[in-house]
Every structure is written in structure tokens, then in C-alpha cells.
Amino acid sequence: MAVMSYIQAVTSALKDEMERDDSVFVLGEDVGKKGGVFKATEGLYDQFGESRVMDTPLTESAIAGVGIGAAMYGKRPVAEMQFADFIMPAVNQIISEASRIRYRSNNDWSCPMVIRAPYGGGVHGALYHSQSVEAVFANQPGLKIVMPSTPHDVKGLLKAAIRDDDPVLFFEHKRAYRLIKGEVPEEDYELPIGKADVKKQGDDITVITYGLGVHFALEAAEKLEEEGISSHILDLRTVYPIDQEAVIEAAKKTGKVLLVTEDNKEGSIMSEVSAIISENCLFDLDSPVQRLAGPDVPSMPYAPTMEKYFMINPDKLENAMRELAEF
Amino acid sequence: MAVMSYIQAVTSALKDEMERDDSVFVLGEDVGKKGGVFKATEGLYDQFGESRVMDTPLTESAIAGVGIGAAMYGKRPVAEMQFADFIMPAVNQIISEASRIRYRSNNDWSCPMVIRAPYGGGVHGALYHSQSVEAVFANQPGLKIVMPSTPHDVKGLLKAAIRDDDPVLFFEHKRAYRLIKGEVPEEDYELPIGKADVKKQGDDITVITYGLGVHFALEAAEKLEEEGISSHILDLRTVYPIDQEAVIEAAKKTGKVLLVTEDNKEGSIMSEVSAIISENCLFDLDSPVQRLAGPDVPSMPYAPTMEKYFMINPDKLENAMRELAEF
Amino acid sequence: MSQVDNRHQNLGLSDEQVLDMYRTMLLARKIDERMWLLNRAGKIPFVISCQGQEAAQIGASYALNLDKDYVAPYYRDLGVVLAFGMTTHELFLAAFAKAEDPNSGGRQMPGHFGQKKNRILTGSSPVTTQLPHAVGIALAAKMDGENIASLVTLGEGSSNQGDFHEGLNFAGVHKLPVITMVENNKYAISVPLERQISSESVADRGVAYGMPGYQVDGNDPLEVYRVVKDAHDRAMNGEGPTLIEAMTERLTAHSSDDNDKAYRTEEEIEEMKQKDSLISFAQYLRDVGVLTEEKEQALNKEIDDEINEATEAAENAPYAEPEDALKYVYAEKGGE
Amino acid sequence: MSQVDNRHQNLGLSDEQVLDMYRTMLLARKIDERMWLLNRAGKIPFVISCQGQEAAQIGASYALNLDKDYVAPYYRDLGVVLAFGMTTHELFLAAFAKAEDPNSGGRQMPGHFGQKKNRILTGSSPVTTQLPHAVGIALAAKMDGENIASLVTLGEGSSNQGDFHEGLNFAGVHKLPVITMVENNKYAISVPLERQISSESVADRGVAYGMPGYQVDGNDPLEVYRVVKDAHDRAMNGEGPTLIEAMTERLTAHSSDDNDKAYRTEEEIEEMKQKDSLISFAQYLRDVGVLTEEKEQALNKEIDDEINEATEAAENAPYAEPEDALKYVYAEKGGE
Ligand SMILES: Cc1ncc(C[n+]2csc(CCOP(=O)(O)OP(=O)(O)O)c2C)c(N)n1
Ligand SMILES: Cc1ncc(C[n+]2csc(CCOP(=O)(O)OP(=O)(O)O)c2C)c(N)n1
Ligand SMILES: [Mg+2]
Ligand SMILES: [Mg+2]
């Protein structure tokens with residue numbers, strides 16, 4: 001096992017898959033010589049050349065649309081949106097096209113494409129470099145949305161996404177890129193898309209989250225452990241479609257559930273998780289299903305005071321978890 | 001009171017507001033001479049001339065974007081997207097721009113704009129002329145999303161939307177256009193955006209829905225009344241932000257809640273409604289909060305067999321309501 | 001042989017080839033006409049027509065390599081998909097939304113074409129999204145060293161969408177073998193050209209993407225053939241993309257849901273009909289002696305029979321089962 | 001007076017006016033330089049520069065009616081917003097993200113301009129969205145019979161976005177008084193011109209929208225002034241929109257987060273610096289006798305003092321309260 005950072009796991013998965021399969025190629029803004037604004041594609045241009053590590057014009061709709069065409073031809077494009085915030089011009093191509101190609105053609109055509117994008121806040125990125133955008137897409141059958149939390153999951157899930165025969169949105173937490181490090185197997189491995197993962201077993205309360213929230217939850221859980229509160233932590237990993245079984249099991253395990261996202265509260269994917277629990281676990285619940293999320297304002301401001309106020313952090317989780325345990 | 005159809009209420013609200021306020025104007029594809037593909041703007045071109053009833057090029061992003069600019073200048077544009085399905089190219093302008101203009105400028109600029117679009121299925125419209133698209137936008141603070149069910153509500157809410165100082169998405173159910181008729185006051189009136197409305201008082205079960213679902217629920221409720229089942233029906237009217245108080249009150253009223261949308265089930269705005277109930281009414285519930293919705297496939301097929309299978313209807317509601325009552 | 005200039009020989013087209021082109025144009029027209037009848041009889045809910053654009057569609061398609069090239073057509077391209085190999089029978093299955101419809105199994109409205117075995121990309125309703133797809137096909141083929149081209153078609157109103165700009169710029173930067181043909185019928189539903197497009201012509205927009213732009217008489221299949229053939233040659237020689245604007249007429253209302261009397265005058269409609277390529281091309285073929293009275297009768301009979309059979313077969317074919325609506329959201333095996 | 005051709009008089013500009021233009025260029029440059037220092041000292045998290053584009057920005061702004069026209073600037077337009085009336089003090093408040101920042105109250109990153117009283121539209125990060133806004137301003141003003149213009153600026157990379165196409169086409173169809181100036185610095189972050197744009201020039205794209213397109217030396221503020229003035233005159237005379245491409249240099253890395261050494265050579269960077277308009281315009285002003293040594297010293301001192309004061313004031317100004325993050329999602333009174 002090698003220890004690598006979250007972003008190194010991205011690069012490593014791309015490199016492996018490009019070596020394994022000639023049909024895999026990368027396209028996006030500044031992904032070539034520069035290696036991406038976050039360096040996710042560093043070294044790939046040198047290794048695979050400019051036709052497989054393509055700097056595109058500054059046109060998200062074309063990045064998605066040209067990728068879709070190439071995928072229909074039989075390629076496996078991995079498109080990068082420079083920031084998740086800038087995926088918006090590509091929404092029509094992603095929702096109207098990529099997600100519906102198999103269905104609308106009655107299984108004749110398909111679109112095996114990955115769209116990667118760094119999302120999330122706490123990096124002084126302000127309104128347009130901090131957003132969680134998954135909720136915009138989490139109602140579109142035909143799409144899958146993966147949001148991994150650890151280098152191990154990043155690598156296994158990105159490989160799975162590239163090998164998947166359908167379009168996958170792969171959102172990487174930009175603050176996790178260098179903050180989060182972890183062990184990653186040397187050998188080739190894939191993790192199943194659509195499956196949540198228990199990151200910590202516990203008995204008193206259940207926290208369901210994803211991305212950076214997983215680390216905040218683990219950190220908070222450790223402190224609470226000292227107070228005798230035992231937390232069960234489920235990492236969704238795939239936020240669309242949600243792993244219903246895993247959610248139900250985790251909720252039933254403790255009967256007390258906290259849902260955590262750094263997205264705005266109203267209409268986040270945690271609403272769906274709550275609805276699933278409501279439908280399936282009503283008589284197993286000992287307390288109302290709580291949500292900890294960003295306030296309902298358009299993403300987080302630049303000024304550190306307001307950014308901190310918006311963004312979830314281990315303290316906020318700790319408080320919410322303790323409150324739930326004490327309910 | 002005059003009896004008018006749902007679409008006549010749209011036209012009538014537009015006409016009134018354009019007469020009242022010179023800064024109101026309409027823009028969109030085919031809204032001029034043709035009066036719109038559904039005839040929502042019929043007669044306006046003749047009355048107000050082409051500069052206030054503007055046929056635009058076939059460019060949804062520019063329709064939204066130019067509208068935003070005009071709204072920043074001080075106009076009150078009412079843009080039409082020909083079908084809600086075709087709002088996707090305008091998502092960047094709506095989410096990144098319209099919804100954030102007030103917030104990002106710290107209240108210096110604002111964007112008093114309405115975007116109208118016909119949505120919904122059951123009209124042999126297939127995958128791209130049947131969709132419910134509200135979930136794409138129902139996580140964007142700064143936006144309001146109105147989805148009225150009756151001619152009375154259409155008129156009062158469309159007037160309110162036009163007079164609102166912030167951007168409002170106004171989705172009209174295209175099957176309701178001619179199907180639904182009702183009384184509409186002669187005098188000027190406004191209905192509050194953000195407020196749900198009890199469409200029927202009842203004691204045994206609560207149905208929360210919007211748009212055409214309201215009529216299906218009322219129809220089903222009437223039948224169930226004969227079986228002695230009394231239904232309480234809440235029409236959300238505004239689906240973002242949700243009227244939490246009204247939802248909580250309606251849920252507590254009977255303790256048995258059915259949420260109905262014709263959108264796909266996973267990630268619909270009913271997930272949020274369920275989450276609100278979960279957070280606030282756990283100990284008032286006598287049964288799990290149920291959702292009746294479209295299956296998770298990319299909107300409804302064209303063939304009548306499959307369209308009917310997808311689309312909600314009074315029978316499906318009746319069954320779900322009866323089951324809930326018997327729980 | 002007649003006195004008339006034999007234009008098709010000059011273009012390297014045999015008599016059989018032009019007759020075949022005419023046959024496909026006539027077939028497209030007659031299928032379309034039948035669909036209107038079926039619609040007016042309440043048997044199919046919707047029609048959107050190719051009428052008036054057959055010459056452009058057939059002229060362009062026949063200039064391609066129909067065994068290797070790809071096409072991303074738009075909803076009026078009945079003529080294009082026929083040329084690419086879709087059958088009359090299949091088109092009626094689509095019109096009736098029957099399970100065996102190869103385009104979508106009855107899931108999409110008619111005019112939403114797609115058939116992998118014939119390299120017809122699956123299409124949607126939002127206009128112009130297919131343009132970047134055709135660019136992606138050309139890019140992928142180029143990566144593989146396959147010397148093929150893709151053709152993408154769209155209406156002139158649709159040429160104002162952002163995807164037109166982004167897609168053609170991408171093709172231009174990478175000099176990809178994409179041929180874009182705008183079928184300019186001068187209306188986007190009710191909105192006339194001058195309210196749609198600010199440039200003198202759509203062809204003028206080629207300059208913005210570093211590619212040649214040609215305007216061509218879309219009522220003349222041979223002229224369209226010539227220009228598209230030329231574009232295809234350029235594509236095969238690695239000289240990159242071409243933009244073509246074929247000037248056509250929309251002989252019908254926008255669709256079966258539209259009434260064009262609300263925005264076009266009778267005179268305008270009459271004038272348009274004078275330019276019908278079905279009439280002028282038939283006349284040309286008669287003039288050069290390729291189309292005889294006899295052949296014409298046989299052709300008409302053959303096509304009518306084909307359409308009658310296809311209509312009946314499609315009408316009697318089964319719909320998909322209700323629960324089939326749940327199929328094919330994702331790959332059946334795979335990552336789910 | 002010197003022997004040198006007095007170009008500014010020929011353009012109808014007084015000595016005071018050109019000196020004022022130079023002052024604003026110098027002020028923009030020096031503010032920008034200070035921000036880099038503050039960034040490198042860890043005092044502000046982010047800078048994005050105007051350096052190398054001041055001449056284009058000031059030349060264009062001064063050709064407008066700064067009391068009536070609107071502008072939709074992009075993130076490099078420090079020079080534009082200064083010309084439109086934003087103060088040095090305000091710009092540093094924005095850099096430090098302080099509560100009194102008029103652009104956003106510290107909510108947005110620096111370079112996200114907006115100030116209603118000076119008719120500077122509020123801007124976001126996704127590029128090119130401001131273009132249709134400027135078109136909307138021009139449309140609304142025209143509806144009201146107000147004879148004003150709007151200026152919108154963007155980078156050349158951003159001219160490939162769909163909103164460029166849709167917005168300019170709209171302006172062209174309705175002949176709106178919009179002046180679009182593309183500040184072509186030949187890079188979109190690391191991606192060079194030839195991987196971005198397929199046309200020979202951005203100016204060429206005017207044809208696609210039925211408007212004149214001019215390429216101009218963006219290092220020459222007088223040349224930019226001339227071309228924009230001309231566009232403004234056309235706008236005021238109801239002759240519609242103009243597209244202008246100002247050829248500039250990006251003298252810094254893309255932003256404080258970028259290292260341009262990874263994709264540009266030392267020589268290239270050196271060569272660029274030779275074209276610095278701050279040097280050449282000062283030389284011109286000296287040559288025509290408008291800028292004396294004395295005046296130059298005074299100017300530098302005045303600007304340095306202004307920047308020092310503004311820096312200090314901004315550094316000491318308060319942040320917004322944490323809960324202020326909740327304000328102004330919707331109008332305070334109103335439909336909620
Ligand atoms: C993005 C989008 N917006 C609106 C529509 C509705 N619509 C369908 S066809 C059409 C007009 C298309 O005009 P044009 O491109 O000229 O093609 P034509 O129908 O004239 O062949 C419109 C507005 C659509 N299909 N897609
Ligand atoms: C829609 C969108 N995609 C990506 C980005 C990230 N981004 C910021 S600036 C930039 C390059 C812009 O290049 P250009 O338009 O030439 O302007 P310049 O910075 O050179 O002045 C990119 C890709 C963005 N801001 N918006
Ligand atoms: Mg047309
Ligand atoms: Mg640039």
C-alpha cells in the first residue's frame with residue numbers, strides 16, 4: 001500500500017486506466033501542459049501526448065457534447081470541468097443528452113463518459129469556486145453521481161466510473177485534494193458504484209454523509225467517543241442513485257440519524273436520504289432525522305467570517321451529534 | 001367572477017400587468033404574431049406591439065441572459081421558455097446569474113424577472129415535451145419556483161411573480177392549460193408567493209402535491225369520501241422555497257401523509273417535503289410518509305402504453321390514498 | 001439523349017445513381033404525406049415534415065460514404081435517414097410508436113432518429129445538441145486513424161444556439177472532418193429569418209470558425225451534391241470542416257400542431273410551392289432522358305405499395321409493454 | 001511642443017484628458033502591483049491582474065459617456081471600473097473582502113466588480129454570462145428611448161462560449177447599442193490562442209452577427225479610443241453594435257494561483273514586456289510635452305499616497321459579521 005493524497009489518487013487512476021485502455025482520453029481546460037489548475041492531470045500530457053490529454057477551448061457545453069459524441073463512437077472520454085461551478089453551461093448536454101442516450105435509443109446507443117469536477121468549499125473560493133452542485137443532477141435517471149471521500153475510494157471509484165458503460169459525474173472535493181491522505185493498494189482494484197460504505201461502526205447515533213463531511217464526522221466521532229457516545233458513520237460515496245439498502249440499514253442500526261452535507265439545506269441530496277428513511281424506518285426511529293447543512297444562501301462568501309459561518313466543520317458536527325445522542 | 005381556463009388565466013394576468021406597468025414586457029420564441037405555441041400570449045402582440053411582445057431568436061440562454069440585463073436596468077421581463085424541457089441551455093444564466101445577483105452584489109443590484117414555462121406530461125409529448133424540471137432548480141437560494149394548479153391561483157400568482165423584486169420561475173402544467181377551468185375574480189388580486197394552500201379540509205389522511213396532482217387528488221378524494229375516508233389536501237403552489245409551516249401543519253393534522261409528484265421519485269421536491277416532515281413531525285406520524293411519483297426513468301415515453309405506466313393519474317392516487325388510510 | 005446539359009454526368013453520377021436519388025426523394029415525400037393523412041385521421045398524434053427539404057437531404061447524403069460516414073440528423077431529415085439505410089417499414093413503426101421501432105422502441109416522438117447499425121446518431125428534441133456530437137465522432141475517428149466524416153444537419157434558427165458556436169469552433173481548432181449542413185427554410189416555427197439571424201447568411205458564419213462556408217440552392221439536389229462532395233473530399237484530405245447552408249422551403253406548417261396561416265400569407269406559400277424540387281428534379285431527369293413515363297409509373301406504384309404495406313404492418317404491430325418503460329436506464333450488466 | 005505628431009489632438013482629446021487617461025492607467029497598474037505584494041505577504045488570498053491590458057481598458061472607457069453608459073466588465077477590468085468611478089479605497093476594500101466593499105460587501109473574490117451608482121453591472125465567475133446582460137441593458141434603454149450604450153468586455157478564450165454567440169446575435173438582430181470589446185491577451189490561462197480560436201481573428205466574428213469587427217492595437221490607448229469612439233458614435237446614431245478585438249498582453253501569470261513559467265518561455269515573457277503600454281504611452285506624452293518630469297513625479301507620489309492610504313484603511317476596516325452571510329438572498333420586503 002502506498003500513502004497518497006486525494007488528488008494523487010485521481011491522477012493515478014487516470015494514468016492506470018489510460019495505460020490499460022487506449023480508448024480512454026482526457027479533455028478539458030488546461031489539462032494538458034499545465035496539468036490542470038489543481039494538477040489532477042499532471043504528467044499525463046507528457047506520457048500520453050496531446051491527442052489523449054486535450055486542452056479544449058473554454059467551452060463547457062462543447063467539452064461535454066464532444067465527449068458525448070466520442071463516447072457514442074466507442075471512446076471513453078474523461079472530461080474535466082475546471083470547477084464544478086462551471087458545469088452549468090453544460091447542463092443541457094449532460095441532462096438532455098448524456099443521461100438519456102441509452103434510454104431514448106432503446107439500448108441501441110450508449111454514452112460511457114466520465115465528467116470530473118472539483119467541488120466544495122472552505123478554500124476562500126467564494127460564491128463561484130465553492131459550490132456543491134450535485135443536487136442539480138440528482139434527479140436525472142441515466143446519470144450516476146459519485147462523490148468519494150478518501151484516496152482509496154477515489155481511485156477505486158474513478159476506475160469503476162471510467163469502466164462504466166453509462167455516464168458518471170465524478171465530483172472531487174477540492175479541499176480534500178491535498179488535505180486528505182490515505183493508503184491506496186498498489187494493485188488494480190475497482191469499487192462498486194452505487195454502494196455506500198460504512199466508515200465507522202457505532203451504536204448510539206448514525207451519521208450519513210459524503211465527501212469532506214466523512215472526515216469531519218470521523219473527527220467529531222473520535223471526540224465523542226471519549227464522552228461515551230458511539231457513532232456509526234455511513235459514507236454514501238454514490239449520491240445518485242442512492243444506496244437505499246445501506247441507508248435503511250444504517251438508520252435502523254441506531255434509530256438516531258444525522259444527515260450532513262455542505263450543500264444548502266433545502267433540496268440537497270440529504271432530503272432524499274431523509275425521505276428514504278421516512279418511508280422505510282419510521283418505527284425504528286428514536287428521534288427526528290436531523291440535517292446539518294449550509295444555510296439557504298447562494299453558496300459561501302469570500303470574507304473569512306461569513307465563509308466560516310456557512311461551511312460545515314468538525315465542531316458543528318460534534319455539536320449536532322452530541323445533541324442527537326442526548327435526544 | 002368569470003370562468004376561465006388555466007391558460008386564459010395566464011394570458012389575462014400578462015395582459016393586466018402589461019397594462020398596469022409599462023416596464024413589463026414579454027420575450028420568447030414565437031410569442032409574437034403566433035401568440036405562443038400554446039397561445040399563452042395570444043392577443044398581446046396586437047395590443048402591445050412587437051417591442052413589448054418580442055419574438056427572440058431560438059436561444060434560451062440569451063432569452064434568460066438578455067432578460068436579466070433588462071431586469072437589472074429596471075424592466076420587468078417575462079420570458080417564455082417554449083417547453084420547460086428547453087430551459088436547460090439557460091441553466092447557467094438562471095442559476096449562476098439571476099438567482100445570485102442580489103446576494104453577490106450585497107443588495108446593490110436586483111433581477112426582477114419571471115421565466116414562464118409549460119411543463120408536465122400526459123400529452124403524448126414523450127421524453128422531451130413532458131418533463132418536470134423543478135428539481136433542477138429547487139436547491140438555488142435566490143430563486144422562487146411557483147407551480148400553480150388552478151386558474152385562480154395562476155392569475156394571482158403570476159401577477160405576484162411579475163411584481164416580485166426577485167427572479168421567479170413560473171411553471172405551468174401544459175395538460176392543465178385547457179383541461180382545467182375555474183372561477184377567477186374580475187378585480188385585481190395577488191396571491192402570496194411562498195404560501196401553500198389547503199385545497200380541501202379532511203381528517204384521515206393528508207395529501208401534499210401541486211400542479212395537476214392537486215386535481216387528481218381532489219378527484220380521488222371525492223371517491224374515497226364515499227368510502228368514508230376523509231382527505232386533507234395541501235397544494236404547495238410554491239415549490240421552492242417550501243412553505244414549511246403549512247407542510248408541518250398539514251402533516252400533523254392527520255398523521256398520515258402521501259406526497260404526490262409526477263416527477264421522477266428520487267430527488268424530486270417531494271424529498272424535501274418528506275425531510276421537513278421528518279424533522280418536525282416524527283411523533284405525530286401514524287404511518288411512514290409515502291411518495292407517489294413517476295418511476296426513475298428519463299421522463300415518459302411516447303407510446304401510450306408506457307406513457308400511461310409512467311404518468312400519475314386519479315386511479316393511482318386513489319389506490320395510494322386508500323392504502324394509506326387503511327395503514 | 002436530350003439537348004439538356006447532362007449535369008449529373010459532369011458530377012460523375014451515373015443514371016442509376018440519380019434515379020436512385022430521385023426515388024429516395026419521392027419516397028421521403030410520399031412517406032411524409034402519408035403521415036399527415038394518418039395524423040389527420042387521428043391515427044398518429046404527431047408529424048413533423050421533410051417536405052421541401054428532400055433535395056438538400058438527398059443531395060448531401062449521396063455525396064457521403066454511406067457505408068462508413070456517420071450522421072447526426074435533425075427532425076426533418078427523413079430523406080437523410082432513408083439514404084443512410086432506415087426502411088419505410090421502420091419509419092412507420094416510429095410514427096405509430098411501436099415496440100419494434102429501431103429509433104427508440106416507441107419511446108420518442110417521430111423525427112427523433114437514431115440507428116446504430118446505420119451510423120445514425122440518436123437525437124433528442126432540444127435543438128443543436130447534435131452538433132457537438134458529430135464533432136466528437138469526427139474527433140474519435142481521427143484519433144483512431146479512420147478516414148471518415150460526420151455530417152450534421154440543423155435548421156437555420158438552430159444555428160443561433162450556443163452549441164453551434166462551441167461545436168464549430170472545436171471542429172475548426174482541431175480541423176476535424178465534420179460537414180455541417182444548415183437547412184435554411186427561412187422560418188423557425190413562426191419566426192422569420194430576419195428576426196432570427198443577424199448575419200447576411202448562415203454560410204457567412206464559416207469565417208468565425210476558420211472554415212469555408214457555402215450557400216447553395218437546396219432545391220437542386222445536384223448542386224447540393226456537388227458542394228457536399230467537395231466538402232467530403234476536403235474532409236478526407238485532412239483539410240477539416242465545412243459549413244454549408246442549403247436554401248430550402250418548408251412546404252408544410254412547422255408540424256401537425258402548427259397553423260402557418262397565422263404567420264405566412266397565401267401568396268408566400270404559393271410562391272414556395274413553385275420551387276418544389278420534386279417537380280424540378282423530375283423534370284430534369286425527364287429532360288435528360290433518365291426518367292421515362294414508364295419508369296415514373298413503376299416507381300410511383302412501387303413506392304405506394306411499399307408505403308401501404310409499411311403502414312399496415314406498423315399499424316398492426318404491438319406497442320411495448322407498459323413495464324418496458326423501466327428498461328434501459330442503465331446498462332443491464334455493469335457498474336450499477 | 002515637440003516634433004512628434006500630436007495624435008490626441010487629432011482625436012479631439014485635450015492635454016488634460018490624455019494626462020487623466022495616463023493617470024488612470026498608472027493608478028490601475030500600481031493598485032494591481034500592490035495587490036500582488038499583499039498576496040505574496042499573505043494578506044489577501046487572491047489577485048487577478050489587469051497588467052498589460054490597461055491601455056485597452058482606459059482607451060475604451062474614455063471613449064464612452066461615463067455619466068450615462070453602462071458597463072459589464074470582466075475580472076481584469078480594474079482600469080475600466082476606475083474610469084467608471086470606483087475608487088482606490090473601494091478596490092482595496094474588495095481585495096481585503098471587507099464589509100464596506102461596494103462590489104459585494106466582501107462576498108465575492110476580487111475582480112468580481114459591480115457598483116450600481118456607477119452603472120457597473122454586477123459580475124460573476126463563469127465567463128461570458130455578462131455579454132447577454134449588456135445586450136439586455138441596451139435593449140431596455142432602447143425601449144425607453146434613452147440614447148445610451150453599453151460596453152461589455154471579455155477575454156478571447158471567453159469568446160468561444162455559447163453566450164458570446166447568442167448574445168451578439170441578439171444584439172445584431174435588434175441593432176442594439178452594445179459595444180463588445182474582447183481583450184485578446186493570447187492565453188486562456190495556459191491555453192494559447194491557436195488551441196482556443198479557429199477564426200483568423202476574433203474581429204472576424206463580427207460578420208457572423210452582421211456587425212463591424214475591428215482589430216486594434218490594445219497597447220495603444222489612443223488607437224483603442226479612436227475605434228471605440230467610432231463604435232460609440234454608431235451606437236448613438238442607431239447603427240447598432242460593434243465588435244472590437246484589442247490585442248493586449250497578459251504581463252502576469254493568469255492569477256496568483258497560477259505559474260505561467262509552466263507554459264510560457266522566458267523569451268516570450270520578455271518580449272511581451274517590451275510592449276508595455278505604460279512605457280510607450282508615457283513616452284508619447286513626454287514626446288508631445290504633456291508629461292514633464294515634474295508632473296510625473298507628482299503623479300507617482302500622489303498615486304502612491306492614495307494607494308498607501310487605501311491599503312491601510314482597507315486592512316483596518318471590519319469584516320462583515322458572520323450572520324451577515326444570511327442577508328439579501330431575497331428583497332427584504334416583498335413576495336416572500
Ligand atoms: C432548445 C430548444 N428550444 C426550443 C425548441 C422548440 N422548437 C422546436 S423546432 C423549433 C424551430 C426550429 O427552427 P429551425 O432551426 O429553423 O428548424 P426548422 O424547424 O425550420 O427546420 C423550435 C423553436 C426546441 N426543440 N429546442
Ligand atoms: C464558464 C467558465 N469556465 C471556466 C472558468 C475558469 N477560468 C477562469 S478565467 C479562464 C480563462 C479565461 O481566458 P480569457 O477569456 O482569454 O481571459 P483572460 O483570463 O485571458 O483575460 C478560465 C478557464 C470560468 N471562470 N468560467
Ligand atoms: Mg428553419
Ligand atoms: Mg485571454
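Chain naming here is simple, since letters A, B, ... match the order of the sequence lines and numbering starts at 1 in each.
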Fill in the blank from the handout: The interface call for D:Glu321 against chain A, heavy-atom contacts under 4.5 Å, is backbone
Exercise for the section: Kindly assign one of parallel, tilted or perpendicular to the pair A:Phe86 and A:Phe83, based on the angle between their ring planes and the thresholds 30° and 60°. Expected result: perpendicular
Problem - Which of A:Met54, A:Glu307, A:Lys308, A:His129 touches chain D most, by non-hydrogen pairs under 4.5 Å - result: A:His129
Exercise for the section: Of all the heavy-atom pairs spanning A:Pro118 and A:Met81, show the shortest one and how long it is. Expected result: CD-O, 3.2 Å
Completion exercise
Of A:Phe310, A:Tyr302, A:Tyr128, the largest count of non-hydrogen pairs under 4.5 angstrom with chain D goes to A:Tyr302
Exercise for the section: Please say whether the positively charged group of A:Lys181, taken as NZ for Lys or CZ for Arg, lies over the ring of A:Tyr6, i.e. under 6.0 angstrom from the six-membered ring centre and within 45 degrees of the axis. Expected result: no
Exercise for the section: Would you kindly say whether D:Arg34 and D:Thr311 are connected by a side-chain donor-acceptor distance under 3.5 Å? Expected result: yes
Exercise for the section: Sort A:Ser299 into side chain, backbone, both or neither according to what part of it lies under 4.5 angstrom from a heavy atom of chain D. Expected result: neither
Problem - Min side-chain heavy-atom separation A:Ile269-A:Asp263 under 4.5 Å - result: no
Handout entry: Atom group of D:Asp101 that falls short of 4.5 Å from chain A, counting heavy atoms
Key = neither
Problem - Ring center gap for A:Tyr119 and A:His173 short of 6.0 angstrom - result: yes
Completion exercise
Here the pair of heavy atoms bringing D:Glu183 nearest to D:Gln53 is OE1-NE2, 2.8 Å
Practice task
Please report the shortest heavy-atom distance between D:Ala203 and D:Gln215, naming the atom on each side.
Solution key: CB-N, 3.7 Å
Handout entry: Side chain, backbone, both or neither of D:Ala262 within contact of chain A (heavy atoms, under 4.5 Å)
Key = backbone
Problem - Residue selection (most heavy-atom pairs with chain A, distance under 4.5 Å) from D:Ala188, D:Gly105, D:Ser124 - result: D:Ser124
Exercise for the section: Anything in residues 157-170 of chain D with a heavy-atom distance to chain A below 4.5 Å? Please list those residues in order. Expected result: D:Gly157, D:Ser158, D:Asn160, D:Gln161
Problem - Side chain / backbone / both / neither for A:Ser61 at chain D, heavy atoms under 4.5 Å - result: neither
Exercise for the section: Taking the side chain as every heavy atom from C-beta outward, state whether A:Met88 and A:Val133 have any pair of such atoms under 4.5 Å apart. Expected result: yes
Problem - Nearest atoms (heavy-atom pairs only) where D:Gly218 meets D:Ala246 - result: CA-CB, 4.0 Å
Problem - D:Phe46 versus chain A, the contacting section by heavy-atom distance below 4.5 Å - result: both
